[in-house]
Amino acid sequence: MAIDLNARIPNNVDLADDRRLQRALESWQPSFLNWWKDLGPDGTTGYDVYLRTAISVEAEGWANFGYVKMPEYRWGIFMAPRVEGRAIPYGEHRGQPVWQEVPGEHRAALRRLIVTQGDTEPASVEQQRLLGQTCPSLYDLRNLFQVNVEEGRHLWAMVYLLHAYFGRDGREEAEAMLERHSGDPDKPRILGAFNEKTPDWLSYFMFTFFTDRDGKYQLSSLAESGFDPLARTCQFMLTEEAHHMFIGTTGVGRVITRTCEVMKELKTEDPAAIRAAGAIDLPTLQKYMNFHFSVSVDLFGQELSTNAANYYTAGLKGRFEETRIDDDHMLTDSIYKVTELKDDRIVEVDENALLAVNERLRDDYVADCQLGVDRWNKIIQRARIDFAFRLPHRGFHRAIGIFADSTADVKISPEGKIITEAEWTHHSRDWLPTDEDRDFVLSLMTRAVTEPGRFASWVAPPGRGIDGKPLDFEYVRFN
Ligand code: BYC
């Protein structure tokens, strides 16, 4: 599974053996590079960045470090190795050999899943485009660029599938990936969270914790697909995704650490005093968590979804760690508990498990988020400060599903209480970042901190550097 790194498009999918496909992708490549130039990380041409690049998909090859001159990163097409004899793990085709070509009857559904997944990748690069101008350190700047180039590669991964398996409409979808833009009123990105702004580094850390984690769960369930090229593509994407979530977990953790230090130094819990000292008070961090959690739980779709049931039955999209689950992998007669809104009460209802696969994935996700929050709370406990972060109720501030504003005529508080519109109006300033909160956070980030080993006032240094390098390593050379 060695990667042909000398090819115009590095790959381990034998692209050279399919001249038509190779030419089609080579003709998409300039559009991608133009998009990167226009909407990728701003002003980075000529920077040397200490990046990780995959040179093989095996454990020893996918994390190869060295300086890369932007934008000469070798975006390539990589899949995890094929598993001989792999069978479809669930649904009506369970036990049959996986598909190496797209089954005609599932073509539209598969295309839709791949397009939805692919659309998020360039969207996040667009959202993070200006962050380099206000980075808190060289270490963080390097990590930002690592995420950006890998999201670009993940777009390549989905575009390859569209070109290789979906003919003309696949090629049209690949073009459209570069025509929709995050937040564009006329041609927005497909999913809500990818049209929100990521205007500051706190939002970015929250995004990499909460929204990239949706990516982990969606990719994991696509990695179970009976369409083997999709499964193998997603398996390899997941290796890269882990670093993105690491940035979120440690990034938010470092902000909390710094806040706790300031609180101890000043012996205060007064948000104004903490802010005056250049750190971000804990209640403001809670509001950012509430916002990013709520827009990310929306990404799992409706609680009860016939789309999701059909994907599952057809063997296109499984559950998280499908093959480790001990049940019939058909779900037609199984039940699953779903939190719903009935007669103005929040209740748990036994639903058909097949219809509830989106909700099950959301449950897996919420449990994983909770582990991160527990870890953050330990930082506060160690500092002997009396405060704890809490994930808001899943019904809080929703735009999709049973609790969505457009569906429910009630509002849900972060604690999961049903409240009136008036109560919402009265309290929402305490629950979600206000314009003043956002302005304050932005005011801490007016310039880039680029002296090696230095960190902005609002964030503690990380425990260790990247690839065993010291914290004052020159992770980015501006030339
Ligand atoms: N926004 O039956 P439902 C990542 C629509 S993140 C807008 O529940 P389904 C990354 C839906 O389209 C991972 N619309 O839908 C992270 C449907 O419309 P129609 C991205 C929404 O299909 C950070 C209707 O509502 N990957 O990788 O079961 C950085 C009924 O809903 C939304 C994927 O998402 C929404 N949030 O579930 C970079 C995986 N939710 O048919 C990257 C692929 C639902 O009525 N996508 N709707 O017109 C899927 O698996 C599914 O499309 C979804 C939605 C889970 C998203």
Side-chain angles (χ1 to χ4, degrees), residues 108-129 144 146-158 161 173 177 180 182 188-196 198 203-225 227 230-231 233-234 237-238 240-245 247-248 292 294-314 316-320 338 351 354-362 364-365 397-407:
L110 268 174
R111 192 183 74 198
R112 181 182 167 147
L113 284 170
I114 293 169
V115 166
T116 310
Q117 177 62 48
D119 187 71
T120 63
E121 315 289 1
S124 66
V125 176
E126 293 168 353
Q127 288 171 300
Q128 296 164 14
R129 168 175 162 65
L144 170 71
Q146 182 72 54
V147 169
N148 293 162
V149 294
E150 283 173 353
E151 301 299 10
R153 205 201 68 68
H154 292 179
L155 170 63
W156 270 98
M158 293 299 124
L161 294 174
E173 293 286 11
M177 294 283 189
R180 290 183 293 269
S182 178
R189 292 296 177 183
I190 297 170
L191 299 173
F194 294 90
N195 289 304
E196 299 287 346
T198 312
S203 302
Y204 160 74
F205 287 149
M206 294 286 174
F207 181 96
T208 46
F209 182 85
F210 288 108
T211 308
D212 276 280
R213 194 169 309 275
D214 167 54
K216 166 182 165 185
Y217 282 85
Q218 298 296 343
L219 289 173
S220 297
S221 47
L222 293 173
E224 304 285 349
S225 184
F227 177 46
L230 174 61
T233 296
C234 293
M237 288 164 76
L238 279 164
E240 293 166 327
E241 201 65 37
H243 177 67
H244 307 183
M245 286 175 295
I247 290 174
H292 287 270
S294 60
V295 297
S296 301
V297 282
D298 269 344
L299 294 171
F300 290 80
Q302 307 278 338
E303 288 77 2
L304 300 176
S305 163
T306 45
N307 284 341
N310 292 338
Y311 299 150
Y312 186 84
T313 302
L316 308 181
K317 183 181 176 195
R319 293 170 291 175
F320 182 62
V338 176
E351 295 284 1
L354 193 52
L355 286 173
V357 287
N358 279 349
E359 188 63 5
R360 182 183 173 123
L361 196 62
R362 185 168 13 240
D364 291 332
Y365 167 83
H397 188 238
R398 291 290 300 279
I400 299 284
I402 294 168
F403 296 102
D405 276 359
S406 53
T407 327

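Both counts, for ligands and for their atoms, begin at 1 and track the order of listing.
The main-chain N or O of A193 is found under 3.5 Å from a side-chain atom of Q127 such that the two form a donor-acceptor pair.
By the 30° and 60° cut-offs, the orientation of the rings of F194 relative to F207 is perpendicular. Under the 30°/60° scheme for interplanar angles, the aromatic rings of F320 and Y217 are found to be tilted.
Between E150 and R153, none of the side-chain N atoms (NZ, or NE/NH1/NH2) sits under 4.0 Å from a carboxylate O, so this pair counts as no salt bridge.
Applying the side-chain hydrogen bond (donor to acceptor under 3.5 Å, both in side chains) criterion to S124, with sequence neighbours excluded, gives no partner residue.
Within 4.0 Å of ligand 1, protein heavy atoms come from R112, L113, T116, Q117, T120, E121, S124, E151, I190, L191, G192, F194, F207, T211, D212, D214, G215, Q218, D298, L299, F300, G301, Q302, S305, N307, A308, Y311, K317, N358, I400.
Using modelled atom types and a 3.5 Å distance limit, the side chains of H244 and E151 yield a donor-acceptor pair.
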